[in-house]
Amino acid sequence: MIESVLVANRGEIALRVIRGAKEMGIRTIAVFSEADRTSPHVLHADEAYPIGPARASESYLVQERLLDVARLSGAEAVHPGYGFLAERGDFAEAVAQAGLIFVGPSAGTIRAMGDKTEARRRMAAAGVPVVPGTDAPLASAGEARRAAEAVGLPVVLKAAAGGGGKGMRVVRRVKEARGAFEAAAREAKAAFGDDSVYVERFLERPRHIEIQIFGDEHGSAVHLFERECSIQRRHQKLIEEAPSPLLEPEERRRMGKAAVSAARAVDYTGAGTVEFLYAAGEFFFLEMNTRLQVEHPVTEMVTGLDLVEWQFRVAAGEPLPLRQDGIRMRGHAIECRITSESPFDGFLPATGTVGEMVIPGGPGVRWDGGIAGGSEIGLHYDPLLGKLIAWAPDRARAIRRMERALAELRIGGVATSAPLLQRIMGERDFRAGRLSTAYLAEHQALFDAGGGPGDDEVLAVAAALLEHERRRSRAAPRIARGSMPLSAWQRALAGGPGTGDVDLQ
Amino acid sequence: MIESVLVANRGEIALRVIRGAKEMGIRTIAVFSEADRTSPHVLHADEAYPIGPARASESYLVQERLLDVARLSGAEAVHPGYGFLAERGDFAEAVAQAGLIFVGPSAGTIRAMGDKTEARRRMAAAGVPVVPGTDAPLASAGEARRAAEAVGLPVVLKAAAGGGGKGMRVVRRVKEARGAFEAAAREAKAAFGDDSVYVERFLERPRHIEIQIFGDEHGSAVHLFERECSIQRRHQKLIEEAPSPLLEPEERRRMGKAAVSAARAVDYTGAGTVEFLYAAGEFFFLEMNTRLQVEHPVTEMVTGLDLVEWQFRVAAGEPLPLRQDGIRMRGHAIECRITSESPFDGFLPATGTVGEMVIPGGPGVRWDGGIAGGSEIGLHYDPLLGKLIAWAPDRARAIRRMERALAELRIGGVATSAPLLQRIMGERDFRAGRLSTAYLAEHQALFDAGGGPGDDEVLAVAAALLEHERRRSRAAPRIARGSMPLSAWQRALAGGPGTGDVDLQ
Amino acid sequence: MMAQGVRYVVEVDGSRREVAIGADGSVGIGGRSLAASLVEAGRDGGCSLILDGVSVPLFARSAGRGQWEIAVDGRAVDVQVLEAREAEIRERAAKAGGAAGVEPLRAPMPGLVVRVAAREGEVVQPGTAILIVEAMKMENELRAVAAARVARILVAPGDAVDKAQVLAEFEAVEGS
Amino acid sequence: MMAQGVRYVVEVDGSRREVAIGADGSVGIGGRSLAASLVEAGRDGGCSLILDGVSVPLFARSAGRGQWEIAVDGRAVDVQVLEAREAEIRERAAKAGGAAGVEPLRAPMPGLVVRVAAREGEVVQPGTAILIVEAMKMENELRAVAAARVARILVAPGDAVDKAQVLAEFEAVEGS
């Protein structure tokens, strides 16, 4: 087995990998930027080394510095987490050249899947359904126009080097093609340093369903069923679940088979995700992510497997721990991404110092976080503070459990997405499983701030009591512990009048 | 279904019941003593009512006050949790007479199982193996002596109204019988107001294995497999797990069947636990607990079922949700009881104000707690602060996961049992599953304070840095954030000398 | 203190309510009398309100005298509380000024008062500097937005101020 | 400050170690020089020490000047830190007194100093009251356990004291 690992990441995923490694007896080596000196991933690792300033381009993205730490600490392997260097072929290559184990697929696979048109070609060749479109980058606006007509409107122009919604433009009328091509190419150039753009048919209100796959060095590949991640905002997933609420067993089987074909087509090793768009019984390959996914915990909760453990085992050259027929799903799991964003304020990034945290507990609830009391939430990194995951025997129960857990969750000092997620859990279409990537756009009422008149009355009473207590105590605005007992109830219990006069001791 | 429930308890079990009820849409009504005004069970309930001073005998044990709150709040049912009034037949009766649903078995069952000799008689009659001994209370010391000889030494004298180790005396030699009888009777009288004592054969180094059972009003009874709770200190369980590490499938089947027979023998409804002593392939009925058990989460984690939900369904008159063949176990779960006790100081009760809490997260970890930052830990109630539960596909992984989680756990401001539990997780016999109720007595080295010389060096450096920083800053003893950067490593990374001179900016 | 205690006028989301807190601690609102208990719970402004038995966990942050930011169920609302007689005086003053009153100056962000630029009683014009507040290592000049008389300056150099805290109050100037 | 920085004598569990902290912040112990970083992490005395790359989360509580209670892995230890020259002076004083020194008076529990009963320089006998400390609503008289001269009284009425904090120091009395 691997004896030590450098975790080339930060935040919740670094902590997740450290937890998994610790449980396997692997020595854990963290790295941290100046902004992360006191982060949980630093505190919980066996060793920790500074790698530069807060700005990721001067720390977490500096390959050489990470390799220096690996050398200095005697790390045997490097786990990239997700984001940062996780899908950079050159990093995987540099790690291998330094004689270290890269916990992920080969550099060649990463590169092939990172080039979206190349990925489309290889998937189509392997018999995996792809969205109709062009297989090569477009040479000009004119070619974009002809391709759009050939594929059939509406279409979407996408950056070949892309991902995350950047360099994407929907074209609904032929005359929009030129402007869209130019805008997409510009954005792609700016975001990825590559202005290649291709065309795909645009699916209206599709669902985002992805299959978790695993391959090993011995030629085996399996899938760990699907995750549905249709609740997105601008291509950023908010809520993920497993299994998909409305997929038929036969569809599940076909998609799993297609994903395994995709894995085999690129001799895949390690953990990967094959993303599909699903609409009206058809599914199409969207892209393949060659790393652990943010939403991997829902798969862990329904399969009972530890995906980080599997990653280490495969990276160590072991065969996959289970065959396809040994992998089973039980119950239903939902994940909510808790981000430092103000959902009722245009998803404005929120900053602050984390105060008191109340982490939900009890049955079926899991918290994967990367922050602690005192953590500074700035704008240097991704706004993901942590993930709340609920498991239950069925979807209805999982939703109610998530509602209960969200109500318990408290992250002091910084605004989070939790109140919006709470509302979604109670929304009728979500509860019925009527999901699509257009869900949020079609449920704008969720974003309305404000509550009912009853709430205002409670707020008024609370404020009056607070102000009264402050003026009475003439002290700092703190509320005395136990300052107002409930003797009215005590009297009522003793048989006195129920309401009316109230005397407090 | 039940619409509202009064939770006649406090602490973690009150919160556990409230969570379960909330997930079912049941309105939750909490009660609290003056010491518990800000406890999580009060904050998370829909409603909360004061019931008196901190002392339980003036609040949580005052039946009339609880019934008054039930009436006032319009509660439809009463859930007693465990402890306090949970196993008081008169309370169950009073609840029923008030026209409310008691979430638990009938008053008659509670009484029959509360009388240990009556319970033995009924179990023996139902064909459940009981420890050889007397079926009726002993009339005199002479009778105790004769019974001890008849049963065969060693024997144990036990309070008929007892539990929790009170009123118990082991007799290894005939001449000890008189003194032991008198002492046990005295203790029994003081603890339970009843000096009845009976005799059982004393098993050397038995294992404590118990079966979770459920019965409904429609005559069905099932078991939810076993829990092994052999790690005890003075009959107080410290660590529980499911399944038992060394039980054979055939033994599990036999014990499950015996427990279901026990349940049927008393027309059991609701959740109950049949406790057995197990030694050398034989098992004997010990007692039956007619309520939810502290350690029920390990059963929940291996079966995927929600025992509180089952309790409510049965109490509402529904049939059991599953038949015996629909109940399956998956993986292994371990629970550690985190108590406010100083394990290296003779388990002295610890008090204090809870400061910052760090609750472990990540895969397979559950926290069932009853405290929050700011909670006052006094001496009025049970020292149980919360329970840490770890699940994994097998026992070895569950132990490593628990070790990892215990290392993450931090309850500021109060000493806890966690460091001892951490040591047990790493101890060879525990890891090998060599368990018995004598485990702690036989592993006294676990209680030694102190660490290795390496640790002392770290402590010395830490203290010197703290004192240096304090003297330098001439301020309050707080350590400046980021006061000492790691430039030595930065220089080492840049190719400078590894150790030797170190300069900090 | 009167037998019926202190009356407060509370403004939540633009709507006003009267809340009476008895010398004995009872709470009256909308013609009803409620049993109330409000205590600190947790460590960061967490509070527990129990109102006629209903348990409401909330988070409260003071934003200056009479100003509270209260969050319930993730919804944070700014609430203004005045004693009824203060509210009356203000209203009368506003009416006397022939205008709806002049908005007080509030801190746009948390910071530190560096300097006070105006004097109480002074009549200021739109754009006149009232206070200098340092935040994020930058000095920010807070200026009057309307012609008015400076009624009260509520902070002094060196004071730390919270976001939305009232820093200065104005009176309408006749004819303005 | 010397180039080699400040030397401390640290006593952990009865064994003494010397730790040098350079003016440049380097740490020397047992003849080796280590890269160290110690910062506050969390909100209640939680700290993160990184020592030659090894990450050690710990919890520190001050128990008076030179006194720390440090917990690592759930093991809480009282640690005493003195600058090397302080330690030398103490040792010399103890030797001059012909005895191993007289143990200082420490607070047996957290509390509030109510009254100081002895004077510096005074020679006290076993049982002489030195200080009155209030804790748990009870006044506790802290008394001398040996004949000694009161060298220093380190607290004054009204001071809050932590458990194990040194309250008074003694010198051995000749012939005692």
Side-chain angles (χ1 to χ4, degrees), chain B residues 342-344 355-356 358 373 406-410 412-413 415-423 449-451 453 455-472 476-492 498-505, chain D residues 5-13 15-22 24-30 32-47 49-54 56-62 65-68 70-77 79-83:
Chain B
S342 302
F344 307 135
E356 187 167 40
V358 177
L406 281 166
E408 289 179 19
L409 177 70
R410 158 89 178 142
T416 77
S417 55
L420 172 69
L421 297 162
Q422 180 77 290
R423 289 186 185 185
D455 297 338
D456 282 0
E457 200 161 82
V458 168
L459 287 169
V461 170
L465 286 167
L466 287 161
E467 185 68 17
H468 184 72
E469 179 66 20
R470 168 158 66 179
R471 292 183 180 198
R472 209 176 59 167
R478 289 183 73 80
I479 311 96
R481 207 165 260 287
S483 61
M484 296 194 188
L486 282 174
S487 51
W489 286 115
Q490 281 158 355
R491 197 197 304 166
T499 56
D501 312 324
V502 176
D503 62 39
L504 302 202
Q505 290 146 0
Chain D
V6 187
R7 288 181 305 123
Y8 290 93
V9 173
V10 186
E11 202 173 310
V12 184
D13 256 358
S15 78
R16 298 175 76 155
R17 282 182 174 72
E18 200 167 287
V19 180
I21 299 181
D24 56 2
S26 61
V27 169
I29 185 167
R32 289 166 304 136
S33 180
L34 305 177
S37 161
L38 179 75
V39 299
E40 202 177 354
R43 315 172 73 209
D44 286 314
C47 295
L49 171 65
I50 302 184
L51 200 58
D52 258 13
V54 176
V56 185
L58 52 89
F59 298 91
R61 207 169 66 82
S62 164
R65 186 179 164 86
Q67 300 292 333
W68 292 89
I70 299 181
V72 177
D73 279 343
R75 176 194 174 211
V77 178
V79 185
Q80 196 191 47
V81 189
L82 286 174
E83 278 192 45

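- With rounding to the nearest 0.5 Å, the separation of NE2 in B:H468 from CZ in D:R7 is 14.0 Å.
- Contact count against chain D (heavy-atom pairs under 4.5 Å) is highest for B:P419 among B:P419, B:G412, B:A415, B:P343.
- The minimum heavy-atom distance linking B:A463 with D:V81 is given by the pair CB-CG2, 3.5 Å.
- Minimum heavy-atom separation, D:S15 to B:D456: OG-OD2, 4.4 Å.
- Shown here are the side-chain contact (heavy atoms from CB on, under 4.5 Å) partners of D:V72, two or more places apart in sequence or in another chain: B:L459, D:V56, D:L58, D:I70.
- Counting only heavy atoms from C-beta outward, the side chains of D:L38 and B:E469 never approach each other to under 4.5 Å.
- In this structure, D:Y8 and B:R471 have side chains that are in contact, with non-hydrogen atoms separated by less than 4.5 Å.
- Of the atoms belonging to B:A418, not a single heavy atom falls under 4.5 Å from chain D.
- B:R470 contributes atom CZ, which lies 4.5 Å from atom CH2 of D:W68 (distance to the nearest 0.5 angstrom).
- Taking all atoms of both residues into account, the shortest heavy-atom contact from B:E457 to D:R32 is OE1-NH2, 2.5 Å.
- There is no contact between B:A407 and chain D, counting heavy-atom distances below 4.5 Å.
- The candidate from D:L49, D:D73, D:L82 with the greatest count of non-hydrogen atom pairs under 4.5 Å with chain B is D:L49.
- Between D:E83 and B:E467 there is no side-chain heavy-atom pair separated by less than 4.5 Å.
- Taking both residues in full, the closest heavy atoms of B:L465 and D:A36 are given as CD1-CB, 4.0 Å, listed atom of the first, atom of the second, then distance.
- Looking at B:L466 and D:C47, their side chains come closer than 4.5 Å, going by heavy atoms from C-beta outward.
- Of all heavy-atom pairs spanning D:R17 and B:A460, the tightest one is CD-CB, 4.0 Å.
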